[in-house]
K.L.:
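Handing you this structure, nothing more for now.
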Amino acid sequence: RWYINLNGEKTGGSYGLIDDVALNKSGSYAFAHRDKSDASISHLNINKKEKETYTGFADEVYLAPDGKTITLLFNNKQTYINAFGREYGPYYEVSTLFALEGGEFSIVASDRAKKAFTLIINGMEYGPFEQYAYAYLGRGGKFVFVAKKDGKCFINESVAIRGPFEEIA
C-alpha cells in the first residue's frame, strides 16, 4: 500500500497505486491514485477529498494556486487532457505539458505518425501543424510559437499571427 506524507505527516488513507503528486505554493496538494482491484479507474484527490474519477491512467497532475487542476489521462491507446474542467482530445501522444503558477498552460499533442501537431495554449487549440518549434509561455496569458502549415511558416503571438514565410531560421 502507498501513502501520502506531507511535511512528515501521513495525510489520508492508503492507496493501491499512486500515479502522480502535485504541490502548490499555498501548501495544497493533489494526487492521482488507482486501486489494485481495478487499475483502469483513476481517482483525483485534492488535499483529503476525492474530486474526480476518470476511466484510464492519470499520468500527470498539475495543481494551480486556486486549486484547479490539469490532468493528463491515458485511456487504452488515446490520451486526453482535462484542463481546469475542460476536456481535450483524444490524441495519440502528449509530448509537452507546461504550466505556470498563474494557471497559464501549454500542451503539445500529436498523431501516431508525428506528422500533425496540435498546441493547446491557455485553453485555445491551434493546429494541426506539420511542425512546430519554440513554444514559449509567459505570464498574463502571453505566448509565442513558430509553426509550419501547408509548407509555410508562421509566428503565432498571443496578439497576432505573422506570416506566411518560406522559412524561419
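A quick note: this is a predicted structure, and the numbers were derived from the prediction, not measured. The analysis underlying the following values was restricted to heavy atoms, covering all of them including side chains, and did not include hydrogens, waters or symmetry mates.
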K.L.:
Quick one, Lys115 and Asp111 - any side-chain contact, counting heavy atoms below 4.5 Å?
P.N.:
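Sidechains of Asp111 and Lys115: in contact.
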
K.L.:
Per the salt bridge (charged side-chain N to carboxylate O under 4.0 Å, His left out) rule, what does the pair list look like for residues 133-153, sequence neighbours excluded?
P.N.:
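Residue pairs with at least one partner in residues 133-153: Lys152-Glu166.
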
K.L.:
Do we see a donor-acceptor contact under 3.5 Å between the side chains of Ser37 and Asp35?
P.N.:
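Absent: no donor and acceptor within the cut-off.
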
K.L.:
Run the side chain to side chain contact (heavy atoms under 4.5 Å, CB included) check on Val94 and Val108 step by step: do they pass?
P.N.:
CA-CA 6 Å; Val94 173; Val108 178; over 6 Å; no

K.L.:
So how far is it from Met124 CE to Phe143 CZ, rounded to the nearest 0.5 Å?
P.N.:
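The CE atom of Met124 sits 8.0 Å away from the CZ atom of Phe143.
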
K.L.:
Is the closest side-chain heavy-atom distance between Tyr54 and Ile41 below 4.5 Å?
P.N.:
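Not in contact.
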
K.L.:
Go through Ile70 and Ile81 one step at a time and tell me if the side chain to side chain contact (heavy atoms under 4.5 Å, CB included) criterion holds.
P.N.:
CA-CA 7 Å; Ile70 300 173; Ile81 300 138; 4.1 Å; yes

K.L.:
Can you check side chain to side chain contact (heavy atoms under 4.5 Å, CB included) on Ser28 and Leu63, steps first, answer last?
P.N.:
CA-CA 8 Å; Ser28 292; Leu63 180 61; 3.9 Å; yes

K.L.:
Only counting residues at least two apart or in another chain, list the ones meeting salt bridge (Lys or Arg N to Asp or Glu O under 4.0 Å) with Glu157.
P.N.:
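If we apply the salt bridge (Lys or Arg N to Asp or Glu O under 4.0 Å) test to Glu157, skipping adjacent residues, the hits are Arg162.
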
K.L.:
Hydrophobic cluster membership, with links at side-chain heavy-atom distances under 4.5 Å among I/L/V/M/F/W/Y: are Ile107 and Ile121 in one?
P.N.:
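No, separate clusters.
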
K.L.:
Is it true that Tyr62 and Phe105 fall in one hydrophobic cluster, defined by side-chain heavy atoms closer than 4.5 Å?
P.N.:
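Yes, it is one cluster - the side chains of Tyr62 and Phe105 are joined through contacts under 4.5 Å.
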
K.L.:
Could you see if Phe57 belongs to whatever hydrophobic cluster contains Leu72? Use Ile, Leu, Val, Met, Phe, Trp, Tyr and a side-chain cutoff under 4.5 Å.
P.N.:
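Looking at the clustering, Leu72 is in a separate group from Phe57.
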
K.L.:
Once you round to the nearest 0.5 Å, how far does CG of Leu44 lie from NZ of Lys51?
P.N.:
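Atom-to-atom, Leu44:CG and Lys51:NZ are 9.5 Å apart.
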
K.L.:
Test your reading of the model: is there a side-chain donor-acceptor pair from Arg34 to the backbone of Gly16, 3.5 Å cut-off?
P.N.:
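No, Arg34 side chain to Gly16 backbone: no donor-acceptor pair under 3.5 Å.
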
K.L.:
Is a donor from one side chain sitting under 3.5 angstrom from an acceptor on the other, for Asn45 and His33?
P.N.:
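His33 and Asn45 do have a side-chain donor-acceptor pair below 3.5 Å.
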
K.L.:
Can a donor-acceptor pair be found between the side chains of Arg1 and Tyr3 at a distance below 3.5 Å?
P.N.:
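Short answer, no.
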
K.L.:
With distance as the sole test, does Asn47 use its side chain to make a donor-acceptor pair with the main-chain N or O of Lys49 at under 3.5 Å?
P.N.:
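Side chain of Asn47 to backbone of Lys49, a donor-acceptor pair under 3.5 Å: no, none is there.
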
K.L.:
Linking I/L/V/M/F/W/Y whenever their side-chain heavy atoms sit closer than 4.5 Å, directly or via other members, would Phe84 and Ile120 fall into one cluster?
P.N.:
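Same hydrophobic cluster.
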
K.L.:
Indicate the atoms forming the closest heavy-atom contact of Tyr88 with Ala83, along with that distance.
P.N.:
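Residues Tyr88 and Ala83, closest heavy atoms: CE1-CB, 3.8 Å.
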
K.L.:
Grab the two heavy atoms, one from Val61 and one from Ala30, that are nearest each other, plus how far apart they are.
P.N.:
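Heavy atoms of Val61 and Ala30 come nearest at CG1-CB, 3.9 Å.
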
K.L.:
Nearest 0.5 Å please: distance from the NZ atom of Lys48 over to the OG1 atom of Thr11.
P.N.:
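Separation between the atoms: 6.5 Å.
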
K.L.:
With the side chain counted from C-beta on, respond yes when Ile46 and Thr69 share a heavy-atom pair under 4.5 Å apart, and no when they do not.
P.N.:
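With C-beta onward as the side chain, the pair touches.
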
K.L.:
Which heavy atom in Ser106 sits nearest to a heavy atom in Leu137, and how many Å separate them?
P.N.:
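Looking at all heavy atoms of both residues, the closest pair is N-CD2, 3.7 Å.
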
K.L.:
Search all heavy atoms of Glu104 against all heavy atoms of Asn122 and return the closest pair with its distance.
P.N.:
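Nearest pair, atom of Glu104 first, then Asn122: CA-OD1, 3.2 Å.
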
K.L.:
Going by side chain to side chain donor-acceptor pair (under 3.5 Å), Glu93 matches just one of Gln78, Arg112, Lys114. Which one?
P.N.:
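So the option named by the test is Lys114.
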
K.L.:
Between Asn24 and Pro65, what is the shortest heavy-atom contact and its length?
P.N.:
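Where Asn24 meets Pro65 most closely, the heavy atoms are ND2-CA, 3.6 Å.
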
K.L.:
Between Asp59 and Leu73 (side chain of the first, backbone of the second, donor and acceptor by atom type, cut-off under 3.5 Å), is there such a pair?
P.N.:
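No.
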
K.L.:
May I have the step-by-step check of side chain to side chain contact (heavy atoms under 4.5 Å, CB included) for Glu52 and Thr71, ending in yes or no?
P.N.:
CA-CA 10 Å; Glu52 300 284 342; Thr71 309; over 6 Å; no

K.L.:
Using modelled atom types only, decide if a donor and an acceptor are shared between the side chain of Ser42 and the backbone of Gly56 within a distance under 3.5 Å.
P.N.:
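Present.
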
K.L.:
Who else is in Tyr15's hydrophobic cluster (ILVMFWY, side-chain heavy atoms under 4.5 Å, direct or via others)?
P.N.:
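Under the 4.5 Å side-chain rule, Tyr15 groups with Trp2, Ile4, Leu6, Ile18, Val21, Leu23, Tyr29, Phe31.
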
K.L.:
Mind listing the closest non-hydrogen atom pair of Asn75 and Thr55 along with its distance?
P.N.:
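Closest approach of Asn75 to Thr55: ND2-O, 3.7 Å.
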
K.L.:
Under a single-linkage definition using a 4.5 Å side-chain heavy-atom cutoff for Ile, Leu, Val, Met, Phe, Trp and Tyr, are Phe165 and Val146 assigned to the same hydrophobic cluster?
P.N.:
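In one cluster: yes.
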
K.L.:
Among Tyr136, Tyr126, Tyr132, which residue meets the ring pair (Phe, Tyr, Trp, His ring centres under 6.0 Å) test with Phe145?
P.N.:
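The ring pair (Phe, Tyr, Trp, His ring centres under 6.0 Å) with Phe145 is passed solely by Tyr126 among Tyr136, Tyr126, Tyr132.
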
K.L.:
Rounded to the nearest 0.5 Å, what's the gap from SG on Cys153 to CG on Asn156? Could you check?
P.N.:
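Output value for this atom pair is 11.0 Å.
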
